Amino acid sequence: MPLQVYNSYSRKKEVFESITPGHVGMYVCGPTVSGESHLGHARPYVTFDIVYRFLTYKGYKVRYVRNITDAGHFEEEGREAEDKVSKKALLEKLEPMELVQKYTNLYHWAMRRFNNIDPTIEPTATGHIVEQINMIQKIIADGYAYVVNGSVYFDVKKYAATHDYGKLSGRVIDELLETTRELEGQEEKRDRADFALWKSAAPEHIMRWTSPWGEGFPGWHIECSAMATKYLGAEFDIHGGGMDLQFPHHESEIAQSTICNHKAPVRYWMHNNMITINGKKMGKSYNNVIKLTELFSGDHPLLTQAFHPMTIRFFILQSHYRSTLDFSSEALTASEKAFKRLWDAYETLKQLNFAGNTSSGEGFDAELDAKINTWLNEFEEFVDDDFSTPKVLANMFEMAPIINSLKDGLLPSTAIAAATLQLMKDKFKVFLEDIFGLQAISGADNEALKGVMQLLIDIRKEAKTKKDFATSDKIRNQLAELGILLKDEKGGEMSWSIE
RNA sequence: GGUCCUUUGGCCGAGUGGCUAGGCACAGCUCUGCAAAAGCUUCUACAGCGGUUCGAAUCCGCUAGGGACCUCCA
């Protein structure tokens with residue numbers, strides 16, 4: 001069954017065919033690194049990580065480009081206003097690249113904890129100023145942009161006369177032209193619908209580059225067009241991002257790239273839906289974000305506990321990427337338990353071994369065996385169907401009781417064929433680990449381990465008090481074999497560390 | 001105001017017109033020294049009203065609620 005993806009541009013599912021056989025070019029809008037990533041940001045990166053992993057599984061060589069937006073109107077809360085006064089020494093002032101570095105590092109840390117595979121290219125906007133300027137010049141040369149006071153604007157009205165501006169986001173151009181909203185700097189534009197390709201920088205603006213039009217900085221949309229064109233070509237396969245980027249960001253990207261490269265840039269537009277909290281979109285402007293660091297530490301009034309990145313990944317996979325996903329501590333707790341049960345069953349499955357089983361032997365359950373094969377074969381079918389990860393998980397949960405029953409002998413070990421068991425092991429591994437990118441929750445930062453260690457310490461203390469050195473030594477020696485060092489301290493206290 | 005989307009059992013969440021998705025919680029039972037884990041069983045919902053159809057959670061209309069975008073936003 002071929003892969004089908006929902007194309008936001010056509011508003012329907014389409015069979016996926018790459019432009020270059022065997023290769024896929026995919027661009028995903030990355031973070032603006034002027035602040036800390038929150039739960040809402042996690043969704044696209046997990047979603048498109050699955051897309052990347054699945055395409056790779058399908059045999060494609062994927063060039064996955066995900067940008068870092070590190071240029072623009074940058075400020076850090078509480079610092080910007082002060083810096084505008086600008087009488088401080090250099091080292092006291094906000095250094096934009098310092099800010100960008102800090103949040104880029106934090107973002108990368110979070111991505112690794114989610115077990116997201118790094119994109120093959122992660123370009124920065126500031127590293128592609130030249131490409132952006134070149135692109136703007138081409139657009140001006142073609143007559144679709146104009147310069148005013150050192151800024152450059154895209155002429156949407158002219159573009160719309162011959163192109164379908166608004167198709168991706170379902171806008172009607174006439175309505176856009178009539179928008180009554182009053183915004184700063186709008187008077188320079190010929191038309192309200194026009195958008196900036198390059199902005200002249202006011203004296204206090206902290207990020208600025210020299211351009212043919214004076215000192216300034218690039219408009220928000222041009223970076224993606226420039227970098228996607230550079231690394232993926234004038235036309236590429238998949239462009240992903242959050243639904244909230246459809247307009248104006250992606251709409252503008254289409255317009256710029258189309259004028260510059262003389263063809264529509266993207267074959268398949270994919271948009272993930274929002275994560276909501278109490279039914280409302282999680283977003284900075286709504287003041288309802290939960291940062292990833294808060295989620296991992298549990299340090300937030302709405303959280304009853306800390307949540308492991310794998311729990312969050314699993315939580316995201318339990319819903320379809322085009323549906324909103326409502327966050328609550330309760331929902332995450334449910335996901336945590338569910339994930340643990342599923343993963344335990346998977347670990348159990350790996351230990352099972354019924355090598356001699358045949359489909360004609362004593363105790364063989366043909367119906368069960370067939371059902372399992374059906375469930376397993378549906379894995380790929382479901383992901384093929386626009387990445388229906390929740391259905392795959394549902395099938396896995398159908399098999400969890402079977403796995404556990406086989407282990408406990410509640411089902412005869414001869415009930416399923418050896419080949420079926422092997423297929424189960426293979427499919428679970430491929431889908432759970434390789435495609436879904438899930439992994440075991442473990443490590444020394446685990447509260448459970450700390451509890452276990454305290455328990456052992458208590459037992460050892462008691463044993464020592466009773467001069468039961470056989471027991472106390474056993475505990476210490478066996479832990480040492482596991483790489484855990486137990487240390488006696490003055491006053492009878494004990495501490496431990498992992499070597 | 002404009003455009004579009006959405007409304008599923010206590011909660012989360014799949015659902016291509018026809019057979020109980022799944023998870024979590026709850027309850028009962030089995031197992032167990034106790035517990036946990038595990039297993040089994042129970043809980044059959046589709047906002048309301050009307051229509052199309054042999055048959056609708058699924059299609060159409062109206063009403064009500066919620067949301068997204070139109071400005072930075074994943």
Side-chain angles (χ1 to χ4, degrees), chain A residues 4 11 13 28-32 34-35 37-48 66 69 72-75 107 166 168-172 174-176 178-186 192-193 195 220 240-251 271-276 278-286 289 314-342 344-345 348 375 378 382 385-386 388-411:
Chain A
Q4 287 192 287
R11 286 154 204 273
K13 276 186 206 170
V28 174
C29 285
T32 301
S34 62
S37 296
H38 59 74
L39 175 61
H41 295 119
R43 197 170 195 192
Y45 307 133
V46 169
T47 297
F48 291 103
R66 189 180 60 203
T69 299
H73 183 68
F74 274 52
E75 50 190 68
Y107 164 72
L168 176 69
S169 54
R171 291 306 119 139
V172 180
D174 292 335
E175 283 164 4
L176 288 173
E178 285 165 19
T179 307
T180 55
R181 188 179 293 274
E182 289 295 338
L183 288 169
E184 208 182 327
Q186 296 284 304
R192 289 186 190 285
F195 56 87
W220 176 38
M243 260 179 191
D244 50 353
L245 297 181
Q246 255 180 32
F247 190 90
H249 188 54
H250 292 156
E251 200 70 69
H271 291 96
N272 63 276
N273 213 319
M274 302 293 102
I275 286 185
T276 58
N278 294 322
K280 281 215 165 47
K281 173 186 171 183
M282 186 178 286
K284 211 171 176 179
S285 43
Y286 295 90
V289 302
F314 184 81
F315 175 65
I316 289 170
L317 291 174
Q318 270 186 305
S319 74
H320 187 89
Y321 75 96
R322 283 190 290 112
S323 300
T324 55
L325 173 58
D326 200 48
F327 161 85
S328 67
S329 202
E330 197 191 359
L332 268 185
T333 303
S335 286
E336 181 182 77
K337 288 184 181 170
F339 177 56
K340 187 183 180 308
R341 190 163 83 87
L342 184 62
D344 285 350
T348 302
W375 283 327
E378 279 172 342
F382 290 156
D385 184 14
D386 197 32
S388 298
T389 56
K391 288 187 180 176
V392 176
L393 292 175
N395 273 18
M396 287 180 174
F397 275 109
E398 293 282 3
M399 287 179 268
I402 294 166
I403 292 167
N404 288 323
S405 295
L406 285 169
K407 184 197 77 174
D408 294 339
L410 294 167
L411 273 174

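Computed from a prediction, not measured in an experiment: that's the story for all the values here.
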Discussion item. Heavy atoms from C-beta onward define the side chain here; which of B/G15, B/G22, B/C69 lies closest to that of A/Ser388?
Written reply: B/G15

Item to complete: Determine the contact category for A/Asn273: base if any of its heavy atoms lies under 4.0 Å from a base atom, sugar-phosphate if only primed atoms, P, OP1 or OP2 are that close, otherwise nothing.
Response: base

Discussion item. Can you tell me the base-pairing partner of B/A36? Count Watson-Crick or G-U wobble geometry only, both distances below 3.5 Å, and say none if there is no partner.
Written reply: none

Worksheet item: Is any side-chain nitrogen or oxygen of A/Lys281 closer than 4.0 Å to OP1 or OP2 of B/C69?
Response: yes

Fill in: Rounded C1' spacing from B/A45 to B/G10 in Å
12 Å

Discussion item. Taking the C1' atom in each of B/U16 and B/C12, what is the distance between them to the nearest angstrom?
Written reply: 23 Å

Worksheet item: Taking CG from A/Asp244 and P from B/U71, how many angstroms apart are they, rounded to a whole number?
Response: 14 Å

Worksheet, complete the sentence: Nearest-nucleotide check on RNA chain B, A/Glu330 vs A/His249; residue mapping nearer the 5' end is A/Glu330

Worksheet item: Parallel under 30°, tilted from 30 to 60°, perpendicular over 60°: which one fits the rings of A/Tyr45 and A/Tyr107?
Response: perpendicular

Discussion item. Among B/A74, B/C69, B/G23, which nucleotide has an atom closest to any side-chain atom of A/Tyr45?
Written reply: B/A74

Practice prompt. For A/Glu336, report the nucleic acid contact type (base, sugar-phosphate, nothing); a contact means any heavy atom under 4.0 Å.
Written response: nothing

Item to complete: For A/Met274, answer base if it contacts any base atom (sugar-phosphate contacts may also be present), sugar-phosphate if it contacts only those atoms, and nothing otherwise; contact means non-hydrogen atoms under 4.0 Å.
Response: base

Fill in: Rounded interatomic separation in angstrom, taking NE2 from A/His320 and P from B/A14
8 Å

Response to the item:
CZ of A/Phe339 to CZ of A/Phe315, rounded to nearest 0.5 Å, is 14.5 Å

Item to complete: For nucleotides B/G48 and B/U8, find the distance between their P atoms and express it as a whole number of Å.
Response: 10 Å

Worksheet item: Is A/Arg171 near enough to B/C69 that one of its side-chain N or O atoms lies under 4.0 angstrom from OP1 or OP2?
Response: no

Worksheet item: Taking atom C1' of B/C29 as reference, at what distance in whole Å does atom CG of A/Leu410 sit?
Response: 14 Å

Item to complete: For B/G13 and B/A68, measure between their P atoms and round to the nearest Å.
Response: 15 Å

Worksheet item: So what does A/Ala394 touch, heavy atoms closer than 4.0 Å: a base, only the sugar-phosphate, or nothing?
Response: base

Fill in: Nucleotide opposite B/U3 in a Watson-Crick or G-U pair, distances under 3.5 Å
B/A68

Worksheet item: Roughly how far, to the nearest 0.5 Å, is OG of A/Ser335 from NZ of A/Lys337?
Response: 11.5 Å

Discussion item. Strictly below 4.0 Å: does A/Lys280 bring a side-chain N or O up to OP1 or OP2 of B/G67?
Written reply: yes

Discussion item. Rounded to whole Å, how long is the line connecting atom CZ of A/Phe382 with atom P of B/G13?
Written reply: 20 Å

Worksheet item: Where the side chain of A/Pro401 is concerned, which of B/C40, B/G13, B/A74 is the nearest nucleotide?
Response: B/C40

Discussion item. Does B/G39 have OP1 or OP2 under 4.0 Å away from a side-chain N or O of A/Arg341?
Written reply: yes

Discussion item. Distance check, P atoms only: B/G39 and B/G23, in whole angstrom units.
Written reply: 10 Å

Discussion item. How long is the straight-line distance from CZ of A/Arg43 back to CG of A/Asn273, given to the nearest 0.5 Å?
Written reply: 6.0 Å

Fill in: Under 4.0 angstrom between A/Ser323 side-chain N/O and B/A14 OP1 or OP2
yes

Worksheet, complete the sentence: Result for 5'-nearest mapping on RNA chain B, choosing between A/Phe339 and A/Ile275, is A/Phe339

Practice prompt. Both distances under 3.5 Å, Watson-Crick or G-U wobble: report the partner of B/C49, or none.
Written response: B/G61

Practice prompt. Write down the distance separating the C1' atoms in B/C70 and B/C46, rounded off to the nearest Å.
Written response: 32 Å

Response to the item:
By the Watson-Crick or G-U definition, both distances under 3.5 Å, B/A27 is matched with B/U41

Worksheet item: Taking atom NE2 of A/His38 and atom CD1 of A/Ile275, what is their separation to the nearest 0.5 Å?
Response: 9.0 Å

Fill in: Note, A/Val46 side chain near A/Tyr321 side chain (heavy atom, < 4.5 Å)
no

Worksheet item: Where the side chain of A/Phe397 is concerned, which of B/A14, B/G22, B/A74 is the nearest nucleotide?
Response: B/G22

Worksheet item: Taking A/Gln246 for the side chain and A/Ser169 for the main chain, is one N or O donor matched with an acceptor at less than 3.5 Å?
Response: no

Discussion item. Please report the distance separating the C1' of B/A57 from the corresponding atom of B/U30, rounded so that it comes out in whole Å.
Written reply: 36 Å

Practice prompt. Drop me the distance from A/Asn404's CG to A/Leu411's CG, to the nearest 0.5 angstrom.
Written response: 10.5 Å

Discussion item. When you measure from the side-chain N and O atoms of A/Tyr286 to the phosphate of B/A68, is any distance below 4.0 Å, counting only OP1 and OP2?
Written reply: yes

Discussion item. Regarding A/Ser405, tell me which of base, sugar-phosphate or nothing describes its non-hydrogen contacts under 4.0 Å with the strands shown.
Written reply: sugar-phosphate

Practice prompt. Assign A/Gly241 to base, sugar-phosphate, or nothing according to its heavy-atom contacts below 4.0 angstrom with the strands shown.
Written response: sugar-phosphate

Fill in: Side-chain N or O of A/Asn272 closer than 4.0 Å to phosphate OP1/OP2 of B/A74
no

Worksheet item: Using a cut-off of less than 4.0 Å, is there contact between a side-chain N or O of A/Lys337 and OP1 or OP2 of B/A25?
Response: yes

Worksheet item: About how many Å separate OG1 of A/Thr324 and NZ of A/Lys280, when rounded to the nearest 0.5 Å?
Response: 13.0 Å

Discussion item. Between A/Arg11 and B/C5, is there a contact of a side-chain N or O with OP1 or OP2 at under 4.0 Å?
Written reply: no

Discussion item. Within the 4.0 Å heavy-atom criterion, would you say A/Thr324 contacts the bases, only the backbone, or no part of the nucleic acid?
Written reply: sugar-phosphate

Item to complete: Starting at atom CG of A/Asn395, determine the distance to atom C1' of B/G23, rounded to an integer number of angstrom.
Response: 13 Å

Discussion item. By nearest atom, which of the nucleotides B/C70, B/A74, B/C12 is closest to the A/Ala331 side chain?
Written reply: B/C12

Worksheet item: Base, sugar-phosphate alone, or nothing: which one does A/Met243 contact when heavy atoms must sit under 4.0 Å apart?
Response: nothing

Discussion item. Measure CD1/A/Ile316 against P/B/A14 and give the value in whole Å, please.
Written reply: 13 Å

Fill in: C1' gap between B/U41 and B/C26, integer Å
14 Å

